[in-house]
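Heads up: the structure comes next, in structure tokens.
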Amino acid sequence: GTETKGTLPKWAIERYSRQILVPEIGVKGQEKLMRGRVLIVGAGGLGCPAGVYLAGAGVGELGLVDYDAVDITNIHRQFLHGEKMQNISKADSAARSLRSINSRIKITAHNIQLSASNALEIASRYDVILDCSDNVPTRYLLNDVSVLTKIPLISGSALKMEGQLTIYGYREVDDKKKEPYTGPCYRCLFPSPPPPEAVGSCSANGVSGPVPGTIGCLQALEAIKLLVGRNRESLLVQRMLIFDGDDMTFRTVKLRSRNDRCAACSDNATLTELIDYEALCSMPANDKELDLHIL
Amino acid sequence: GTETKGTLPKWAIERYSRQILVPEIGVKGQEKLMRGRVLIVGAGGLGCPAGVYLAGAGVGELGLVDYDAVDITNIHRQFLHGEKMQNISKADSAARSLRSINSRIKITAHNIQLSASNALEIASRYDVILDCSDNVPTRYLLNDVSVLTKIPLISGSALKMEGQLTIYGYREVDDKKKEPYTGPCYRCLFPSPPPPEAVGSCSANGVSGPVPGTIGCLQALEAIKLLVGRNRESLLVQRMLIFDGDDMTFRTVKLRSRNDRCAACSDNATLTELIDYEALCSMPANDKELDLHIL
Amino acid sequence: MPETLKLQINFSGGAELLFDKIKKHNIELPSVRKYLPDSKAEKWTIRELLVWIKGNLLKERPELFLQGDSVRPGILVLINDADWELFGELEYELQQNDNIMFISTLHGG
Amino acid sequence: MPETLKLQINFSGGAELLFDKIKKHNIELPSVRKYLPDSKAEKWTIRELLVWIKGNLLKERPELFLQGDSVRPGILVLINDADWELFGELEYELQQNDNIMFISTLHGG
Ligand SMILES: [Zn+2]
Ligand SMILES: [Zn+2]
């Protein structure tokens with residue numbers, strides 16, 4: 001059928017009807033989702049739930065970045081990878097699962113380690129970046145990519161029973177004002193990386209699956225709201241969600257404005273190109289920990 | 001390999017290592033999860049995320065109840081059903097997807113409409129019930145099942161951009177006290193059903209996928225915490241989570257104690273067996289709405 | 001004590017549809033003896049607040065919000081994030097800057 | 001003003017591991033002139049609170065919590081649920097019943 005409502009084909013009206021009915025989305029929102037392009041960095045505990053809801057919502061184009069292969073210890077929380085996908089590329093495995101959910105959208109598996117040499121080129125093809133990564137250097141890398149490309153970054157993280165979520169580098173599009181609002185970037189909050197010995201990881205400290213599950217769902221929700229054009233009062237801009245799954249408490253805390261001395265995003269920024277983030281952070285850009293001595 | 005740590009086989013230590021590392025779970029908690037049996041009522045927007053994390057966590061036995069078949073309008077949020085599963089039973093489709101994630105656990109598809117005539121028999125085989133249903137009569141039915149069988153009920157719900165979550169019928173196991181603590185049931189809070197014209201549904205009012213996604217993840221998390229023996233201060237007992245996805249606010253509000261005039265769970269209860277819940281609620285026990293006039 | 005009583009009233013879970021779809025209302029109540037001169041009420045309680053809401057905020061179909069002198073079944077009332085049952089329900093005496101929330105319970109999934 | 005200052009101190013995101021794994025601490029501070037007689041401080045600010053925490057709550061490896069006279073990079077400090085940067089960071093003068101939260105940022109996923 002070629003019957004349309006606005007620019008939406010009839011199949012899309014039917015398929016996405018349950019979310020089109022939501023006043024905050026509507027037909028116009030669905031059109032925007034179908035034109036939207038989202039890059040998901042990390043096809044793990046956060047990227048699986050985020051990807052599944054963005055594919056389901058009919059976001060036009062999804063990119064999945066992961067250099068890693070599926071390991072049996074991933075499967076408890078990384079549900080796009082079935083048992084049979086062990087040792088297969090995570091980006092490929094996730095892309096395959098997402099295609100079975102929605103064949104109407106474009107899904108690209110970027111089966112690589114994101115780095116200073118390839119990140120800008122890949123990211124520039126998308127409208128929103130989801131930081132679903134698992135290590136400090138990649139978080140600084142993605143922040144600088146977001147600042148340099150002016151693409152907003154929806155940053156989720158999880159460890160043990162806790163999760164955190166906020167949007168960095170959000171820009172308000174408003175042609176009438178001279179200087180449109182820009183939210184803080186990761187470096188506005190964290191100008192220097194933490195000492196490596198203070199950094200926990202899922203492989204060393206563990207994580208309960210539904211915790212990144214929850215944060216990943218909320219990353220997808222923020223991406224949907226961002227794509228349909230919800231304003232910054234609705235979005236987690238200059239606000240951070242702090243989730244403690246053990247006592248099931250959530251706090252939405254107020255963050256600082258953009259830091260006018262920020263090395264990355266301020267008018268006085270010194271950042272002009274990507275750098276060596278493993279050197280900056282004195283840590284490798286992965287989450288490998290073979291020593292399970294705690295057990 | 002038959003090497004074990006406590007009663008856990010070596011494969012389980014490895015496979016579930018990331019959650020065993022979480023202090024609130026540990027080896028003892030993993031053992032309890034693997035002996036745990038959870039009934040998920042509704043293989044839809046809540047049941048899919050809840051099921052995927054409970055299967056991933058290695059919960060010993062999962063039951064999935066759904067009378068319905070997969071429809072194209074489900075897929076945006078009910079991600080265990082791929083496009084190719086249209087018109088297949090949702091319970092079967094979800095069970096199949098969960099088996100591909102974890103072949104080590106027992107998964108039973110209950111491809112039926114839960115009712116007064118079959119609910120007690122099915123529920124009595126499980127330790128925890130997840131209310132992932134989509135209609136009022138089933139919510140009253142499950143409450144009364146929970147009260148009569150003394151099985152706790154983790155109740156999630158979602159509509160448009162909002163979600164709610166709490167645990168009903170929680171019982172503290174404590175042999176030392178004469179009268180162990182029992183949390184409120186659904187009827188303690190809602191003695192009478194709402195007027196049918198005041199009840200919204202996902203098919204009439206819509207829902208954004210990540211909203212039931214978030215609530216379903218949190219239902220899985222509460223089930224895991226309950227099975228491993230976290231106490232009621234940690235659990236959503238006598239507390240309700242109120243989530244508004246549009247402005248990303250969460251409130252955890254304090255609920256009443258068990259109502260000593262409750263018709264279902266009090267010492268003065270009149271409930272002795274299941275009744276006709278469609279008659280009680282003047283509503284059908286499904287979420288069918290063919291009239292998409294709002295579009 | 002000031003002449004007026006300031007409250008934040010929240011509606012959610014669909015209850016806001018009866019209130020112009022507005023979820024947060026900052027209201028200011030006059031003295032209850034001025035507003036309800038025929039009533040015996042000396043202080044604002046939830047009971048009188050419901051009367052005020054019906055007269056001032058409720059835009060349509062009051063039967064979907066009220067039943068008798070209370071809220072209809074399926075609406076949970078929270079006083080400063082706690083179930084009103086813990087505070088005497090209709091008899092609770094409103095305090096300056098209270099947050100009163102009316103939540104329609106959800107059944108979808 | 002009372003002699004002592006009551007605060008709730010929260011640690012999360014792993015920072016609690018340095019504090020006996022306890023996330024919530026209700027503390028009571030004596031007068032700052034008694035506690036730090038050699039300092040010029042007249043009032044408790046976050047700066048003096050960090051000194052007190054180091055002496056009274058911190059159980060191990062202070063370098064994973066403090067750096068110089070401030071917190072180490074990667075710890076976000078919240079004063080009543082808002083970023084301390086909005087209140088002057090170390091210079092913020094503590095008020096009765098303040099909630100001060102130290103959150104170690106997470107990087108896992
Ligand atoms: Zn910045
Ligand atoms: Zn009851």
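Letters A, B, ... mirror the listed sequences (proteins, then strands); counts begin at 1. Because only heavy atoms are used, hydrogens play no part in the values below, and waters and symmetry mates are left out as well, while side chains stay in.
Of all the listed residues (A:Ala57, A:Pro210, A:Gly56), the one sharing the greatest number of non-hydrogen pairs under 4.5 Å with chain B is A:Pro210. Ranking B:Arg77, B:Gln219, B:Arg99, B:Gln78 against chain A, the residue ahead of the rest is B:Arg77, based on heavy-atom pairs under 4.5 Å. In terms of heavy-atom pairs under 4.5 angstrom with chain A, the leader among B:Leu159, B:Ile75, B:Asp71, B:Ile25 is B:Ile75. Note: B:Ser103 leads B:Ala50, B:Ser208, B:Ser103 in heavy-atom pairs under 4.5 Å with chain A.
Residue A:Val22 comes nearest to B:Val207 through the heavy atom pair CG2-N, 3.3 Å, listed as atom of the first residue, atom of the second, then distance. Listed here is the closest heavy atom pair of B:Thr73 and A:Ser17: CG2-OG, 3.6 Å. Taking both residues in full, the closest heavy atoms of B:Leu21 and A:Gly206 are given as CB-CA, 3.6 Å, listed atom of the first, atom of the second, then distance. Contact between B:Cys217 and A:Gly213 at its shortest, heavy atoms only, is SG-C, 3.5 Å.
A:Glu14 places no side-chain N or O within 3.5 Å of a backbone atom of B:Ile72 that could act as its donor or acceptor partner. At distances below 3.5 Å, not a single donor-acceptor pair connects side-chain atoms of A:Lys84 with backbone N or O atoms of B:Ile101.
Residue contact with chain B, scored on non-hydrogen atoms closer than 4.5 Å, involves the side chain of A:Arg230 exclusively. Using a 4.5 Å cut-off between heavy atoms, A:Glu83 contacts chain B through both its backbone and its side chain. Of the two parts of A:Arg251, neither the backbone nor the side chain holds a non-hydrogen atom closer than 4.5 Å to a non-hydrogen atom of chain B. With a 4.5 angstrom heavy-atom cutoff, A:Asn102 touches chain B via backbone and side-chain atoms both.
The aromatic rings of A:Tyr53 and B:Phe79 sit perpendicular, their planes meeting at an angle over 60°, well past the 30° parallel limit.
The closest side-chain heavy-atom distance from B:Thr249 to A:Phe250 is not below 4.5 Å. Between A:Arg18 and B:His76 the shortest side-chain heavy-atom distance falls below 4.5 Å.
Electrostatic pairing of B:Asp246 and A:Lys225 does not count as a salt bridge here, judged by no charged N lying under 4.0 Å from a carboxylate O.
Partner A:Met248 forms a side-chain contact (heavy atoms from CB on, under 4.5 Å) with one of B:Thr252, B:Leu235, B:Leu218 and no other, that one being B:Leu218.
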Open item on the list: Working note: A:Leu221 + B:Met161, criterion side-chain contact (heavy atoms from CB on, under 4.5 Å); need CA distance, chi angles, decisive distance, verdict.
Closed with: CA-CA 9 Å; A:Leu221 185 58; B:Met161 297 290 261; 4.1 Å; yes
